[in-house]
Trainee: 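Here you go, one structure.
Atom set for the values below is all heavy atoms of this structure, side chains included, hydrogens, waters and symmetry mates excluded.
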Amino acid sequence: MLYSMTGFGRAEAVVNGRQVVVEMKALNGKQFDISTKLPPILRSYELDIRNMLNGILQRGTIDLTVSVRQEGASKPMVINTDLALFYYQGMKQISEQTGLPQENIISTLMRMPEVVTPDTDVLPDKEWELVKKVIEDAAAQLMQHRLHEGEALLRDIRLRIGNIESLHEKIHPLEPERMIRIRARITQWLEDVAVKDKIDPNRFEQEMIYYLERMDFSEEKTRLSQHCDYFNSTINENDAAIGRKLNFILQEIGREINTLGSKANHAEIQQIVINMKDELEKAKEQILNIL
């Protein structure tokens, strides 16, 4: 299974007369980074929420919004009657001294500082367990969305690695001609800089073998094939967070492709290497979206 880094989840329920709505979305991120928007009644549980989602979502930039509505209000309010009476006495005294009407005194009181404040009571533990379940349900939906997106990513990444393997196979028929060309090029260079009959055949063969060994890329080809096989087996592992591991394998694949290109000395093989690099970059772009 392969999970995308991006996703969206939503869940809602009624908990003891309170309507709880949870929404969360996830974007790409190397680490677990969460931004929360919680009502005051859940502030004391913020650390619990973070730890819980860290275990479920594992990685990514998470945006979490939890709203709690009760009796049509998103934020239950509390009226400080003692403070309101204190303000009222002062306003009444001013009204009597100035002769101003008192018709709007109640609406004015409601706008005075600290008279009406949000209800910051802590949610009881039993209700918190129910709210926690709603958050878990939203996280489960997000992971399901990630899995759905991951299926499309999986198809594309497998295609890219398959293309690299197909291009790799195209190098085999070109190798004999490549070695002949390299040998002919060295011979021609020696003939241009030295008198042919003065060339020591034994010494020439030794230098030729040394040079050809340096130009040999059979080990790179073998390692490239092994890395591709390892990538294909790893991507099928039942691990939700596998993006980092796949990225490391792609880096190893890239090293072998680069070495092939530097040793090629053959126009057609270098064109194949360029196409392999193109497929590799497309795979890397997709891996950035993998959890």
Side-chain angles (χ1 to χ4, degrees), residues 1-12 21-37 49-50 52-66 134-170 223-258 271-291:
M1 292 185 296
L2 206 64
Y3 288 83
S4 170
M5 192 85 72
T6 60
F8 177 80
R10 185 181 190 277
E12 61 179 282
V21 180
V22 179
E23 292 183 349
M24 63 180 72
K25 63 179 179 180
L27 301 174
N28 291 1
K30 292 183 178 180
Q31 308 296 331
F32 178 78
D33 183 18
I34 184 169
S35 174
T36 61
K37 295 179 182 178
I49 293 172
R50 288 177 177 270
M52 176 181 65
L53 293 180
N54 190 8
I56 299 174
L57 305 181
Q58 303 185 45
R59 199 156 69 102
T61 301
I62 313 300
D63 186 7
L64 169 68
T65 301
V66 181
V134 181
I135 298 175
E136 289 175 340
D137 290 344
Q141 283 198 14
L142 189 149
M143 290 300 293
Q144 189 63 33
H145 189 186
R146 280 178 160 181
L147 180 59
H148 178 71
E149 295 291 330
E151 291 173 354
L153 293 174
L154 178 60
R155 289 192 296 269
D156 187 75
I157 293 172
R158 279 178 171 167
L159 173 65
R160 303 306 169 190
I161 298 301
N163 289 342
I164 291 175
E165 291 176 315
S166 298
L167 291 166
H168 178 256
E169 293 298 323
K170 292 182 179 180
R223 287 196 295 266
L224 175 59
S225 180
Q226 291 173 344
H227 292 330
C228 288
D229 290 341
Y230 184 42
F231 186 94
N232 288 327
S233 63
T234 302
I235 204 170
N236 291 323
E237 292 179 359
N238 189 18
D239 186 356
I242 203 171
R244 289 191 184 96
K245 189 174 183 179
L246 294 176
N247 187 46
F248 294 148
I249 301 174
L250 286 184
Q251 290 178 20
E252 295 302 318
I253 291 175
R255 289 191 181 94
E256 305 307 331
I257 293 175
N258 288 333
Q271 290 176 1
I272 292 174
V273 168
I274 290 173
N275 291 330
M276 292 170 73
K277 288 182 177 180
D278 181 52
E279 296 295 333
L280 179 65
E281 288 304 312
K282 291 176 181 178
K284 285 183 176 180
E285 290 176 1
Q286 298 290 41
I287 287 297
L288 294 176
N289 298 319
I290 298 300
L291 185 62

Trainee: What closest approach, in Å, do M24 and V22 show between heavy atoms, and which atom pair accounts for it?
Mentor: CE-CG1, 4.1 Å
Trainee: For a quick test of reading the model, state the closest non-hydrogen atom pair linking A139 to L53 and the distance between them.
Mentor: CB-CD2, 3.8 Å
Trainee: Taking all non-hydrogen atoms of both residues into account, name the closest pair between D137 and A11 and its distance.
Mentor: CB-CB, 3.9 Å
Trainee: Between I287 and F231, what is the shortest heavy-atom contact and its length?
Mentor: CD1-CZ, 4.2 Å
Trainee: Between F32 and Q58, what is the shortest heavy-atom contact and its length?
Mentor: CB-O, 3.6 Å
Trainee: So do N247 and Q251 actually touch side chain to side chain, heavy atoms under 4.5 Å?
Mentor: yes
Trainee: I'd like to check the side-chain contact (heavy atoms from CB on, under 4.5 Å) partners of L154; sequence neighbours left out, ordered by chain and number.
Mentor: L2, R158, I235
Trainee: Apply the test side chain to side chain contact (heavy atoms under 4.5 Å, CB included) to residues N54 and R50: give CA-CA distance (whole Å), side-chain angles for both, the deciding distance (0.1 Å), then the verdict.
Mentor: CA-CA 6 Å; N54 190 8; R50 288 177 177 270; over 6 Å; no
Trainee: Do you know the tightest heavy-atom contact between I272 and L167?
Mentor: CG2-O, 3.4 Å
Trainee: Roughly how far, to the nearest 0.5 Å, is the CG atom of L57 from the CE atom of M52?
Mentor: 9.0 Å
Trainee: If we ignore hydrogens and angles and just use 3.5 Å, is the side chain of R146 paired with the main-chain N or O of M5 as donor and acceptor?
Mentor: yes
Trainee: Applying side chain to side chain contact (heavy atoms under 4.5 Å, CB included) to K282 and D278, what does each step give before you reach the verdict?
Mentor: CA-CA 6 Å; K282 291 176 181 178; D278 181 52; 3.4 Å; yes
Trainee: Do N258 side-chain atoms and G254 backbone N/O form a donor-acceptor pair below 3.5 Å?
Mentor: yes
Trainee: Side chains of I290 and I157: does their closest heavy-atom pair fall under 4.5 Å?
Mentor: yes
Trainee: Could you list the residues that satisfy side-chain contact (heavy atoms from CB on, under 4.5 Å) with E252, not counting sequence neighbours?
Mentor: H227, R255
Trainee: Determine, step by step, whether E149 and N289 satisfy the side chain to side chain contact (heavy atoms under 4.5 Å, CB included) criterion, reporting the C-alpha distance in whole Å, the side-chain angles of both residues, the deciding distance to 0.1 Å, and the verdict.
Mentor: CA-CA 10 Å; E149 295 291 330; N289 298 319; over 6 Å; no
Trainee: Is the shortest side-chain heavy-atom distance between L224 and I253 below 4.5 Å?
Mentor: yes
Trainee: When rounded to the nearest 0.5 angstrom, what distance separates CG in L246 from CD in Q286?
Mentor: 12.5 Å
Trainee: How long is the gap from OH on Y3 to CD on E151, to the nearest 0.5 Å?
Mentor: 9.5 Å
Trainee: Go through the structure and list residues passing side-chain contact (heavy atoms from CB on, under 4.5 Å) with A283, not counting sequence neighbours.
Mentor: R160, L250
Trainee: Step by step, would you call Y230 with K245 a side chain to side chain contact (heavy atoms under 4.5 Å, CB included)?
Mentor: CA-CA 11 Å; Y230 184 42; K245 189 174 183 179; 3.3 Å; yes
Trainee: Are the side chain of T61 and the backbone of N28 linked by a donor-acceptor contact shorter than 3.5 Å?
Mentor: yes
Trainee: Between R10 and E12, does any NZ, NE, NH1 or NH2 come within less than 4.0 Å of an OD or OE carboxylate oxygen?
Mentor: yes
Trainee: Measure the shortest side-chain to side-chain distance between N275 and E279 over non-hydrogen atoms and say whether it is less than 4.5 angstrom.
Mentor: no
Trainee: Would you give the length of the straight line joining atom CG of L147 to atom CG of L142, rounded to the nearest 0.5 angstrom?
Mentor: 11.5 Å
Trainee: In the structure I gave you, are the side-chain heavy atoms of I274 and K277 within less than 4.5 Å of one another anywhere?
Mentor: no
Trainee: Decide if atom NZ of K284 counts as having more than 12 heavy atoms of other residues, nucleotides or ligands within a radius under 6.0 Å.
Mentor: yes
